[in-house]
> 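Here it is, the structure, as C-alpha cells.
Here is how names work: the chains are called A, B, and so on, in the same order as the sequence lines, proteins then strands, and each is numbered from 1. On a predicted model such as this, the values are computed, not experimentally measured, just so you know.
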Protein chains: 2
Amino acid sequence: MGPQSPRPRSSALSSLEGVRRPVGINDVAARAGVSPGTVSNVLNRPERVAEPTRLRVEAAIRDLDYVRNSSGRSLRSGRSDSVGLLVLDITNPFFTEVARGVEDVATEAGLALVLLNSAEQQSRQQRSLRLLAEQRAAGAVVMPVDGATADLLWLRRQGVPWVLLDRGDVGADTGCSVAVDNRAGGLAAGRHLVNLGHERITFLSGPAEMEQCRTRLAGLRDAAVEAGLDPDAAVRVIRTDRLNAESGEKAVEEILAGGPRRRPGAVFCTNDQLALGVLKGLGERGLNAPADLSVVGYDDVGFAALVHPGLTTVAQPKYELGRAAMRLLLSELNDADHRHERLRFAPELVVRGSTAARRD
Amino acid sequence: MGPQSPRPRSSALSSLEGVRRPVGINDVAARAGVSPGTVSNVLNRPERVAEPTRLRVEAAIRDLDYVRNSSGRSLRSGRSDSVGLLVLDITNPFFTEVARGVEDVATEAGLALVLLNSAEQQSRQQRSLRLLAEQRAAGAVVMPVDGATADLLWLRRQGVPWVLLDRGDVGADTGCSVAVDNRAGGLAAGRHLVNLGHERITFLSGPAEMEQCRTRLAGLRDAAVEAGLDPDAAVRVIRTDRLNAESGEKAVEEILAGGPRRRPGAVFCTNDQLALGVLKGLGERGLNAPADLSVVGYDDVGFAALVHPGLTTVAQPKYELGRAAMRLLLSELNDADHRHERLRFAPELVVRGSTAARRD
DNA sequence: GGCGGCTGTTGACACGATTTAATGGACCTG
DNA sequence: CAGGTCCATTAAATCGTGTCAACAGCCGCC
C-alpha cells in the first residue's frame, strides 16, 4: 500500500481544482442522515417514503447537486434507458423527419436516443447493432439495409427488441413494423398521370433490390392496367444506383433518349431527390416541367414545395411514421400483453405545378 | 421463499424459450477454464496474456456468443463510451451534414453518438445536458441555444467536456470551439453584391439575439463601407422569428414594400432556407431572381444547387466542421497536454444564378 | 542449489444503484 | 397488557466489469 493508497473519500479539499469527486447516492444518504436505500426510494417510489424524510433527502440532493449515475442503474436492472435509431442516411430529409418523430416520443418517455447511421453498408449496420447489444439498449427503431435479416434476429435474441420502419417484414412474425403503403402510393401517382392523358411513363427507380422501388412500380403498373393500357408498353423503367439528386440529374439524358417520338410524357421518381435532380437536369437543357415533361416525386420533403414549379409528389406521413414506430416500441417494452403489429399508413398525392396534361 | 426463488443460474433448459440468461465474463471464464480477470485482459490488453490462453478465451467468447456489457464497463471506469451531439433542429440540412461529420469520426473512435435535439428551447437543452451528465458521457459536441452558458458550465463541472460548434465562446477559456468566420462570410456576400452595383441591400436576419446573424450583418456592412457607401443607408435589416422557408416567404412582402423606388436590388439572407422561401415568394408574385431581385443565401445546403435559378450562397464546410469538432473532443479526451483551441474555418462564396448586376 | 527476475494468472474488491428480507416502532385491539 | 398489524427504514446482497497486489512457475546466473 502506497502512502496515499486509501484515498480520502470525503475530504472537502478538492474545491480548489474544478474536479470534484462525483457525488453518489451514498453521499446524499449521509447528508440526509438516512440509508442509501431510502434515497433510492425517494427517487424511484417517492410514495413509499414519509414526507419529512423525503423532503430532507430532496434537500440533500439539491445541496450536493447530485446527478444519478445511469451506469449503476442499468447494470442493476439489466436494461439501459436508451433506444437506438438506425437510419440509412442521416442527411436524407425523409429520415430526419422520421428521426424527429422518434425523438419526440422517446424524449417524452424519458429515453435517450442513440443515433446510428448505416450509410446503407451492411458492415456498418452490423457494428451498430452490436453496439446496441453491448449497451443493452431498451430497444431500437430500425431501417435496415436489405437482406440483413440474420443480424436483426441476432439482436432480438440478445434481448433487444426492435420495430422495423419503412420495410415490410423480416420473414416470421418477429416484431412490429411501420410503413407506408407503397403500392397505394404508386397507384395514386399512376392514376394522376394516366388521368392527365399520359400513355408513356418512365419510372425512375433506385437499386433493383430495394423493396420500396419494386412495390411503387407495381402500383404504377396497376394504374396503367386500370386505364386499359398495356403496362409493359406504357411503363419504362430506368434504374439509378443511388437515390440522390445527382443520379436524377444524370438520368435525364437516358429519360429523353430516343428522340421526341419515343420521349415519355411523364416520369415518376421513387424519391423526391431524384425528382428534383430531374427538374434541374431539364432546366440545364433549356427544357422544363411540366411543359416538356411531367415529373412526380415521392416523399414530399420540405423542398418539394420550394422549387418552381412546385413538385407534384406522393406525401408520406414521415413525422407520424417516426412517432408510431416509437410508440409501438414503447408498447412492446411496457405492455405485458403486447402483440406484434404491422402498421400501414396511407400515402397522399400532393399535386403541384410539375405535372400537366399531355400536349402532343 | 417461494418454490422457485433461487433461480437456477446455470441451467441449460432455457433453450426452449428465446430468452436466455445473458452470458457474462464469468461464463466465458468458466468455459475457457481461466479466471474472469484473464478474460478481461484478453479483451482489454491482449498483449499481456499468453497466446494459447488467449486463443482458448477467444474460442469461448465465440462459442457462447458473448457480448460485453457496457453498463458494467462504464460503471467501473466512471466514463461511458458515448458522446452527445446537441443540435438546434434535427431537420435542418445544415445540422445533418454536421452530424454526419461528427458521427463518422465518433464511429472511427468506437464511440456511440447520442442525439439530442433542443429544438431551440432552453428547457429541452437543459434536460438534454442533464441526461448527458447522468450517462457520464465521455463528452459532447454542442450547438447551444443562446444565453444558456450556465448550463454548459454546469455540465463541465460534472466532468463532461464539450466542444462548442457554430458559436463563438462561452465567456472564459472553458473549452474548444469550432466555427466558420461569419464576418468573412458576410463580407464576401456583401462584396459580391456591391461589385454587381447594388446600393440598396436588405439583410434578412433571424432572431435578434443570434450571434451569427449579427456578425454576418457586420460583414455585409463592412463591404458597404469598403465601397464608400453609408452602411446605414445601404443596408436595411428585416428580422424573422424562425430560420425556415416559411418565414422567408412571408418576408417577401416586407422586402418589396415601399414601391419600386425604395425597393432593394438585392437581399442577403442569413440562411438558405430563408433564401429559398424568398425565391418561392417572388415566384408567387410573378417576379423572379435575379431579374427583379438578387438573392444570396448562407450555408449552401444541397438543395441550393437544385432550384432554378441556382442559389448564390455562402458555403460553409459543414461536414468538415463536424469532423473537426469531434476531433477536438477526442483530443481533449485522450491527450494529456490538451490545450483548448478556437478553430475558425473560412466560408466560401458560391455564385450561381440568383444574383445579377443592378438593372435600374 | 539458492536467488532474483520475469511472465502469466489469479482472487478479491470496487464501482453506484436497486431490491428484498428483516427490523424497529407506533398504533390498535381484545 | 399481550399480541397483532402496519408502516417507514435499514442492512446486505446483487448486477458485470476492471484493476491491482499477490502469487506461482520458470529460467538463468553465479
> Quick one, which residues of residues 41-50 of chain B touch DNA chain D with a heavy atom under 4.0 Å?
Asn44(B), Arg45(B)
> Is it true that Thr96(A) and Thr91(B) share a donor-acceptor pair across their side chains at a distance under 3.5 Å?
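The answer is no; no qualifying pair exists.
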> What closest approach, in Å, do Leu330(A) and Val105(A) show between heavy atoms, and which atom pair accounts for it?
CD1-CG1, 3.7 Å
> Where along residues 75-83 of chain A does a heavy atom come under 4.0 Å from DNA chain C, residue by residue in number order?
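Leu75(A), Arg76(A) - these, ordered by number, are the residues of the stretch whose heavy atoms sit under 4.0 Å from the strand.
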> Less than 4.0 angstrom from a charged side-chain N to a carboxylate O is my criterion; do Glu103(B) and Arg124(A) meet it?
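Salt bridge between Glu103(B) and Arg124(A), a charged N being under 4.0 Å from a carboxylate O: yes.
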> On a heavy-atom basis, which atom in Trp154(B) and which in Ala133(B) lie closest, and how many Å separate them?
CH2-CB, 3.6 Å
> Whether Glu108(B) and Arg127(A) form a salt bridge (side-chain N of Lys/Arg under 4.0 Å from carboxylate O of Asp/Glu) is what I want to check.
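Result for this pair is no, no salt bridge flagged.
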> Just to verify, what does Arg62(A) make a side chain to side chain donor-acceptor pair (under 3.5 Å) with, not counting sequence neighbours?
none
> Can you give each donor-acceptor pair under 3.5 Å made by side-chain atoms of residues 43-50 of chain B, sequence neighbours left out, with the distance rounded to 0.1 Å?
| residue | atom | partner | partner atom | Å |
| --- | --- | --- | --- | --- |
| Asn44(B) | ND2 | Ser40(B) | O | 3.1 |
| Asn44(B) | ND2 | Ser40(B) | OG | 3.3 |
| Arg45(B) | NH1 | Asn41(B) | OD1 | 3.3 |

> Ile25(B) and Pro36(B): which non-hydrogen atoms are nearest, and at how many Å?
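Heavy atoms only, the tightest pair is CD1-O, 4.0 Å.
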> Which residues in residues 66-73 of chain B have a heavy atom closer than 4.0 Å to any atom of DNA chain D?
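Within this stretch, Tyr66(B), Arg68(B), Asn69(B), Gly72(B), Arg73(B) sit under 4.0 Å of the strand.
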> Any side-chain N or O of Thr53(B) below 4.0 angstrom from OP1/OP2 of dT9(C)?
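Looking at the OP1 and OP2 atoms of dT9(C), one of them is under 4.0 Å from a side-chain N or O of Thr53(B).
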> Between dT10(C), dT10(D), dT17(D), which nucleotide has the shortest distance from any of its atoms to the side chain of Val34(B)?
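Side chain of Val34(B) sits closest to dT10(C).
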> Can you identify which nucleotide, out of dT10(C), dT10(D), dG18(D), has its nearest atom closest to the Thr38(A) side chain?
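My answer, after comparing the listed nucleotides, is dT10(D).
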> Taking only Lys NZ, Arg NE, NH1 and NH2, and the carboxylate oxygens of Asp or Glu, determine whether Glu332(B) and Arg156(B) approach each other closer than 4.0 Å.
yes
> Could you work out how much the helix from dG1(C)-dC30(D) to dG30(C)-dC1(D) bends, comparing the axis of its first five pairs with that of its last five, to 10°?
60°
> With sugar-phosphate meaning primed atoms plus P, OP1 and OP2, does Gly24(B) contact a base, only sugar-phosphate, or nothing at under 4.0 Å between heavy atoms?
sugar-phosphate
> Is there a side-chain contact between Ser177(B) and Arg167(B) in this structure, where contact means two heavy atoms from C-beta onward sitting under 4.5 Å apart?
no
> Could you tell me the separation between the CZ atom of Arg54(A) and the P atom of dC7(D), rounded to a whole number of Å?
17 Å
